[in-house]
**Q** 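Would you mind keeping the following structure in view while I ask a few things?
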Protein chains: 2
Amino acid sequence: MPMSMTKKKVIQIGVVSELTGLSERQIRYYEDRKLVFPDRSKGGVRKYSFEDIQTIMDIHTKLTNGYHTVELKRMLGC
Amino acid sequence: MPMSMTKKKVIQIGVVSELTGLSERQIRYYEDRKLVFPDRSKGGVRKYSFEDIQTIMDIHTKLTNGYHTVELKRMLGC
DNA sequence: CGTGTAAGGAATTCTGACACG
DNA sequence: CGTGTAAGGAATTCTGACACG
């Protein structure tokens with residue numbers, strides 16, 4: 001039953017921003033586009049996992065390569 | 001050069017409190033006693049690693065077993 | 001000694017919107 | 001479309017102190 005560390009949602013957006021080099025705006029936008037799914041604290045603060053950070057960096061790379069968020073969403077279940 | 005995830009200081013005290021079941025007061029006290037060494041954000045907010053969380057739980061267990069923080073500090077370099 | 005708490009301030013995050021295009 | 005920004009409020013964290021003992 002213990003969840004692997006990579007999937008534990010414990011990191012706040014400020015740290016994610018530092019680790020990825022992306023703006024909080026970008027990170028929140030990817031969530032808006034249904035590409036990342038952070039948890040929320042009782043107060044509504046977003047919590048990400050290390051896996052989410054990987055995903056976010058991947059999203060940004062693909063956007064840089066010309067993809068659109070809608071296409072990335074389609075690619076999800078593959 | 002990449003640091004292992006277990007040592008990345010990215011978790012704030014609120015989450016550490018949830019994961020360990022300890023109060024923030026207790027967690028801060030262990031730092032005061034030089035038993036844990038979180039990083040700090042520019043604004044002074046504490047950031048812990050998964051390894052720190054292990055350490056904190058271990059400290060609390062030992063305190064429960066009758067040890068004192070001073071003794072735990074001595075045990076550190078062994 | 002190790003921990004609880006009330007106190008006031010500061011850092012961090014949140015949302016919705018306007019902007020560009 | 002994807003991202004920047006200013007705006008105001010809310011959640012979270014910080015420190016130093018008093019308390020018990």
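The figures that follow rest on heavy atoms only: side chains count, while hydrogens, waters and symmetry mates do not. Here is how names work: the chains are called A, B, and so on, in the same order as the sequence lines, proteins then strands, and each is numbered from 1.
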**Q** For B/Lys73 and C/dG2, what is the distance between atoms NZ and C1' respectively, to the nearest whole Å?
**A** 17 Å
**Q** Which pair of non-hydrogen atoms, one from B/Ser17 and one from B/Leu22, has the smallest distance, and what is that distance?
**A** OG-O, 2.6 Å
**Q** How many whole angstroms separate atom CD1 of B/Ile11 from atom C1' of C/dT12?
**A**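 To the nearest whole Å, that distance equals 17 Å.
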**Q** Could you tell me whether A/Arg28 contacts a base, only the sugar-phosphate backbone, or nothing, with contacts defined as non-hydrogen atoms closer than 4.0 Å?
**A** base
**Q** Between A/Gln12 and C/dT12, does any side-chain N or O lie under 4.0 Å from OP1 or OP2?
**A**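 Checking A/Gln12 against C/dT12: no side-chain N or O falls below 4.0 Å of OP1 or OP2.
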**Q** Using only atom types and a distance under 3.5 Å, with no angle test, would you say the side chain of A/Thr64 pairs donor to acceptor with the backbone of A/His60?
**A**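 Side chain of A/Thr64 to backbone of A/His60: a pair is present.
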**Q** Send over the distance from B/Glu24 CD to D/dT12 P, rounded to a whole Å.
**A** 10 Å
**Q** Could you check whether B/Lys62 pairs with B/Asp58 (Lys NZ or Arg NE/NH1/NH2 to Asp/Glu carboxylate O, under 4.0 Å)?
**A**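 Judged by the 4.0 Å cut-off on N to carboxylate O distance, B/Lys62 and B/Asp58 do form a salt bridge.
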**Q** Going by heavy atoms closer than 4.0 Å, what residues in residues 34-43 of chain B are next to DNA chain D?
**A** B/Arg40
**Q** In this structure, how many angstroms lie between the P atom of D/dA10 and the CZ atom of A/Arg46, rounded?
**A**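 Value for this atom pair: 17 Å.
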**Q** Which string of ( ) [ ] | and . matches DNA chain C, if you list each base 5' to 3' and count Watson-Crick or G-U pairs only when both distances are under 3.5 Å?
**A** .||||.||.|.|.||.||||.
**Q** Can you tell me how far C1' of D/dT13 sits from OH of B/Tyr48, to the nearest Å?
**A** 11 Å
**Q** Using the closest heavy atom to pick a nucleotide of DNA chain C for each, name whichever of B/Val45 or B/Val70 lands nearer the 5' end.
**A** B/Val70
**Q** Any side-chain N or O of A/Tyr29 under 4.0 Å from OP1/OP2 of D/dG2?
**A** yes
**Q** Quiz question: going by heavy-atom distance under 3.5 Å, is there a donor-acceptor pair between the base of C/dT5 and the side chain of B/Arg25?
**A** yes
**Q** What nucleotide, of C/dC14, D/dT3, C/dG2, holds the atom closest to the side chain of B/Arg33?
**A**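 Closest nucleotide to the B/Arg33 side chain: C/dG2.
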**Q** Measure the distance from CD1 on B/Ile13 to P on C/dT3 and round it to the nearest whole Å.
**A** 13 Å
**Q** Around atom CZ of A/Phe37, are there more than 12 heavy atoms of other residues, nucleotides or ligands at under 6.0 Å?
**A**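 Yes, CZ of A/Phe37 has more than 12 neighbouring heavy atoms, counting only those of other groups under 6.0 Å.
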**Q** Grouping I, L, V, M, F, W and Y whenever their side-chain heavy atoms are under 4.5 Å apart, do B/Val70 and B/Tyr30 come out in a common cluster?
**A**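 No, because B/Val70 and B/Tyr30 fall into different hydrophobic clusters, even though each may have its own neighbours under 4.5 Å.
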**Q** Hey, which sits more toward the 5' end of DNA chain D by its nearest nucleotide, A/His68 or A/Gly44?
**A** A/His68
**Q** Would you mind reading off the distance between B/Ile27 atom CD1 and C/dT3 atom C1', rounded to a whole angstrom?
**A** 12 Å
**Q** Without decimals, in angstroms, what is the distance between A/Glu71 CD and D/dG2 C1'?
**A**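 Rounding to the nearest Å, CD of A/Glu71 and C1' of D/dG2 are 13 Å apart.
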**Q** Indicate whether OP1 or OP2 belonging to D/dT3 is found under 4.0 Å from a side-chain N or O atom of A/Tyr30.
**A**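 For D/dT3, OP1/OP2 do have a side-chain N/O of A/Tyr30 under 4.0 Å.
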